[in-house]
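The structure appears below as structure tokens.
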Amino acid sequence: MPAETKRIEVTLETLLDSVSLAEDICLRIAASAGFDEDDCHKIGMSVREGVINAYRYGHDSQRGKKIHLVFELAPDKMVIRVIDHGPGFNLADVPDPLAEENLLKTSGRGIFLMRSFMDEFEVLRRRQGGAEVVMAKQYPASRGAGPGRRSANTKEE
Amino acid sequence: MPAETKRIEVTLETLLDSVSLAEDICLRIAASAGFDEDDCHKIGMSVREGVINAYRYGHDSQRGKKIHLVFELAPDKMVIRVIDHGPGFNLADVPDPLAEENLLKTSGRGIFLMRSFMDEFEVLRRRQGGAEVVMAKQYPASRGAGPGRRSANTKEE
Amino acid sequence: MNLRATARESGSVIVIDLSGRITLGEGSALLRQMIRENLGKGHKKIILNLGEVNYIDSSGIGELVSGYTTVTSQGGELKLLNLTKRVHDLLQITKLFTVFDVYSDERTAVRSFQ
Amino acid sequence: MNLRATARESGSVIVIDLSGRITLGEGSALLRQMIRENLGKGHKKIILNLGEVNYIDSSGIGELVSGYTTVTSQGGELKLLNLTKRVHDLLQITKLFTVFDVYSDERTAVRSFQ
Ligand SMILES: Nc1ncnc2c1ncn2[C@@H]1O[C@H](COP(=O)(O)OP(=O)(O)O)[C@@H](O)[C@H]1O
Ligand SMILES: Nc1ncnc2c1ncn2[C@@H]1O[C@H](COP(=O)(O)OP(=O)(O)O)[C@@H](O)[C@H]1O
């Protein structure tokens, strides 16, 4: 199995520009993995939210700190890791944005969105410190087996 | 100066798919750095050729070996490094594809194209072994100062 | 690709036509500025026309909520017009769909302020 | 986005209309296959219509040269039609522009085989 998993790593600086760049790279990879436009949007936005948090809470906008992204195209799903070198955090401490008293808060919806848009979501604390957000989405059923598989079509690449 | 240089690193497996992915990521970065379509095409194709060589000559298609890309947006130019873990090579040993006897060869034009399309081109040999192709292109004069700078425009992002 | 915003008057109501993305950074900032500007001029009946907005991230949602509470706290009203499917779904899952007054017809939206 | 190829006959000449990218992998492979297929059927007068080809990499150039030498070695002729600016420039800098017979008008290209 591991030999079948395609892995792409990206390292970005803690900059606002990195947010959209991370999303665009993710969109490119998700599309080639066979996700449709709507799923690509959800996956891309999840990466966006993850990188925003690394930028803001993990690194407090300190440019020199690196944000790492790992994209793994496993046989059955796409796994994405967003890793920072900040203080880390516990999911249990994150307030529920759907609670009545939080509905009119102007923040606190990033993690909720990642959870809603992806099939799997967890947050690890790295030994060296820092948060590792791991999220995964199953490939669509229509897609056929194996990452990047497209329908065969004679005379057309 | 170094604090002004934006740096993006990408690590890819030795796969045919990595060639277009590298090119697309590069196109995204080059566009945001202010290069016009034609320059983006030239820069993207140069990365493509560099990654093809890492794939083919550096790693002999051995998937497990990693191809590294480094994009640096320096104040005056975009610098791109394509790094592999192969045997390395000397530019002096590469035949001139414009020589009469090479004109009808079916290969040998990749490095020539990178050289033609970029402003700077050199090949380093890494201490740990492997080739490091370094190429750079000056930003267009029209672009304004600093990486990623776009014209100011009230009421429009 | 990013956000554009233009404000126009429809009777005593200000309609802000937005198109593009309301996301962290300039997109959110532009929306905030437009709302502030109009409040500053005394316009307290504001409609955000989101018909051409196909992307809002958590920061953009925060900006909509912030706009809503700011306008409301000044005795005004902020309403939403023409949600794309994506924005509609986003407001639905975040339970904000019921918080905002949402319209799919501009005349009805304008009239709703009396 | 990638390569499409269709062959048609114009008198005794085969015109292969290509559109998309001729690059390492399937693009180059498809071009090779089309040329081989036609040679196999005894068609030795071949025109590659590159009017819709906006991207060729070094592997694609290699495939064009390979097609040229293969056809020539079997007593045939391979000519190019309708170069886009990018492909034109590429053949120019690689000095292949003078190697290939290049046309910008299909009738003239077809007639050039006599
Ligand atoms: N990478 C991170 N490092 C440290 N804390 C984080 C990180 N990501 C999220 N958090 C914490 O989780 C909270 C909720 O995040 P989120 O749901 O994205 O909402 P928002 O970013 O709008 O506050 C944040 O306020 C922060 O305290
Ligand atoms: N990354 C690399 N590692 C080892 N050798 C290389 C590498 N890149 C290029 N070369 C050598 O340089 C030669 C010329 O490369 P290039 O100009 O790209 O043409 P082509 O790839 O078509 O042969 C190759 O044939 C190879 O011997």
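Below, all heavy atoms of this structure are taken into account, side chains as well, without hydrogens, waters or symmetry copies. As the structure is a computational prediction, the values presented were derived from the model and not from experiment. By convention in this document, chain letters (A, B, ...) are assigned in the order of the sequence lines, proteins followed by strands, and residues within each chain are numbered from 1.
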Gap separating the CG atom of B:Asn53 from the OG atom of D:Ser58, nearest 0.5 angstrom:
7.0 Å
Can you list everything that forms a side-chain hydrogen bond (donor to acceptor under 3.5 Å, both in side chains) with B:Arg125? Sequence neighbours excluded, please.
none
Nearest heavy-atom contact between B:Phe112 and D:Thr94 is CE2-CG2, 4.0 Å
Please report the closest heavy-atom contact between B:Leu16 and D:Gly25, naming both atoms and the distance.
CD2-CA, 4.1 Å
Is the closest basic N to carboxylate O distance between B:Arg109 and D:Glu63 below 4.0 Å?
no
Considering non-hydrogen atoms only, spot the tightest contact between B:Met45 and D:Asp57 and give its length.
CE-CA, 3.5 Å
One should read off an interatomic distance between B:Ser20 OG and D:Arg21 CZ, to the nearest 0.5 angstrom, of 5.5 Å
Does any heavy atom of chain D fall under 4.5 Å from the side chain of B:Glu23, the backbone, both, or neither of them?
side chain
Nearest 0.5 angstrom please: D:Asn54 CG to B:His41 NE2, how far?
8.5 Å
Pair count under 4.5 Å, heavy atoms only, with chain D: among B:Thr106, B:Leu113, B:Leu103, highest is B:Thr106
Just to be sure I understand the criterion: a residue of residues 72-90 of chain D counts if one of its heavy atoms is under 4.5 Å from a heavy atom of chain B. Which ones qualify?
D:Arg86, D:Leu90
Check the surroundings of atom CD in D:Gln92: do more than 12 heavy atoms from other residues, nucleotides or ligands lie under 6.0 Å from it?
yes
Does B:Glu37, at its CD atom, have more than 12 non-hydrogen atoms belonging to other residues, nucleotides or ligands within less than 6.0 Å?
no
Bottom line for D:Thr69: the part with an atom under 4.5 Å from chain B's heavy atoms is side chain
